2 protein chains.
Amino acid sequence: MATTETRRRADAERNIAAILDAALVLFTEEPQSSMAAIARAAGVGRVTLYAHFPSREVLLEAVLDRTIAEAGEVIRKAAPEEGTAMEAFQRLLRTSWHVLNQHRKLFELAQRELGPVRLRQRHRDVVDHVEGLLARGQREGLFRSDLPMNWLVTTVYSLLHAAAEDVNTGQLQAEDAADVLEATLLPALKS
Amino acid sequence: MATTETRRRADAERNIAAILDAALVLFTEEPQSSMAAIARAAGVGRVTLYAHFPSREVLLEAVLDRTIAEAGEVIRKAAPEEGTAMEAFQRLLRTSWHVLNQHRKLFELAQRELGPVRLRQRHRDVVDHVEGLLARGQREGLFRSDLPMNWLVTTVYSLLHAAAEDVNTGQLQAEDAADVLEATLLPALKS
DNA sequence: CTTAAGTCGAACATGCATGTTCAGGTTAGG
DNA sequence: CCTAACCTGAACATGCATGTTCGACTTAAG
């Protein structure tokens, strides 16, 4: 953050931000938006877009990274490690859901365009947070220890995303999701 | 099944089958396979493909219908409705996760290309099977009734998919999958 | 004020997929 | 064996998105 390799003009910086903003919106609203559409929405020439993001894939990754970083920050602030692992987990679940819910369409796109593997790689620190919490819960004797830790994380992760998908398709009300998730996950996880 | 509108030559019938076979494989392995690739894989001219399936969309629907029908048959045969809902459900779990794993990419594709609504319409009877079993479990007082039925179904399917994915990436042993799934799902579903 | 960084539209170059048409070659089936 | 159904490659017509290049215009920043 301190040393920027090539000194960028404030101008360029502004445009990059505008592009990322626009791309986030467009990717979310209309996943197959073209680069042209994104440039237009950002109030920027198509050439300028390519100057900053050499390909659609790079742009998507940038949007995703920025979004996940922000989300991680929100989660860390809203769901501290206080109390038992169970309590902390419940808080984590609710804030995670809230954040994921806002960006569920973006994740859907990323899953399809980048593949599940790379998507999950970019989640790494958020996922680690969950894993740490589950491990603490096991040490406290609150969470089960008879299944692989990886699987427990997968369970949480995949049900979160499943809930997002159900909301997308109108099968689940967004405001019910957190309760439903908690009611499903706690019995599945606790010892 | 009895009356074929236009009498088709055995020739054509064979090609149609070959196309559906090839399309299933290609759609599963590489979802964005072109019509040309599918024709090539089926050992058929591109024109012939279009003669039988006027558009990519029609072809995808045909493949989907056929696959779902076969999968439904397999599941129904291997997991009859005998015993308590709990027992039947356990059988269902053990027989169906492997089948679903093989076709999950196809479903993913269909969801994106056909939309979630039409996809759900087309595998209505398979979903109904699970749903019926869960409903029976509720009537028998074995499964919880405090969550939307749709969500219970989603929970089952998404964890099935997640297990398949974990097996694919080597995080979970294939022979453990059924046990792990059962150990996770039963606490989440039972009352 | 100067200049280098940045931006712009327009045009161009590909590449790729979807469909369609045609004229001739095969094959099934009665 | 005859004919209609069927298959075929090749060529064509579009359309669309991705990138790239160019020359000219703006603007930030020292």
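Quick caveat, the model's predicted, so the values are computed rather than measured. A note on names: the letters A, B, ... follow the listed sequences, proteins ahead of strands, and every chain is numbered from 1.
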Phosphate OP1/OP2 of C:dG6 contacted by A:Asn15 side-chain N/O (<4.0 Å): no
Residues A:Glu131, A:Met149; criterion side chain to side chain contact (heavy atoms under 4.5 Å, CB included); working and verdict: CA-CA 8 Å; A:Glu131 189 168 325; A:Met149 173 56 84; 3.8 Å; yes
Plane angle bin for A:Phe107 and A:His103 - parallel if under 30°, tilted between 30 and 60°, otherwise perpendicular: perpendicular
Proximity to the side chain of A:Thr48 - top-ranked nucleotide from C:dC8, D:dA5, D:dT27: C:dC8
Annotated protein contacts, base or backbone, on nucleotides 9-22 of chain D with a non-hydrogen cut-off under 4.0 Å, one of B, S, - each: BBB------BBBB-
Side-chain N or O of B:His52 closer than 4.0 Å to phosphate OP1/OP2 of D:dC6: no
Heavy-atom donor-acceptor pair, A:His129 side chain to A:Asp125 backbone, under 3.5 Å: no
Atom-pair distance (CZ on B:Arg14; C1' on C:dA28), nearest Å: 9 Å
A:Arg8 CZ - C:dA4 C1' separation (whole Å): 16 Å
Distance in angstrom units between B:Glu13 CD and C:dA28 P, rounded: 13 Å
Electrostatic pair B:Glu82:B:Arg91 at N-O distance under 4.0 angstrom: no
Interatomic distance where CG belongs to A:Asp11 and P belongs to D:dT27 [whole Å]: 9 Å
B:Gln171 (side chain) donor-acceptor with A:Trp151 (main chain) under 3.5 angstrom: no
B:Leu49 CG to D:dC6 P, straight-line distance once rounded to whole Å: 16 Å
Test salt bridge (charged side-chain N to carboxylate O under 4.0 Å, His left out) applied to B:Arg122 and B:Glu61, step by step: CA-CA 9 Å; B:Arg122 285 179 187 270; B:Glu61 280 176 349; 3.7 Å; yes
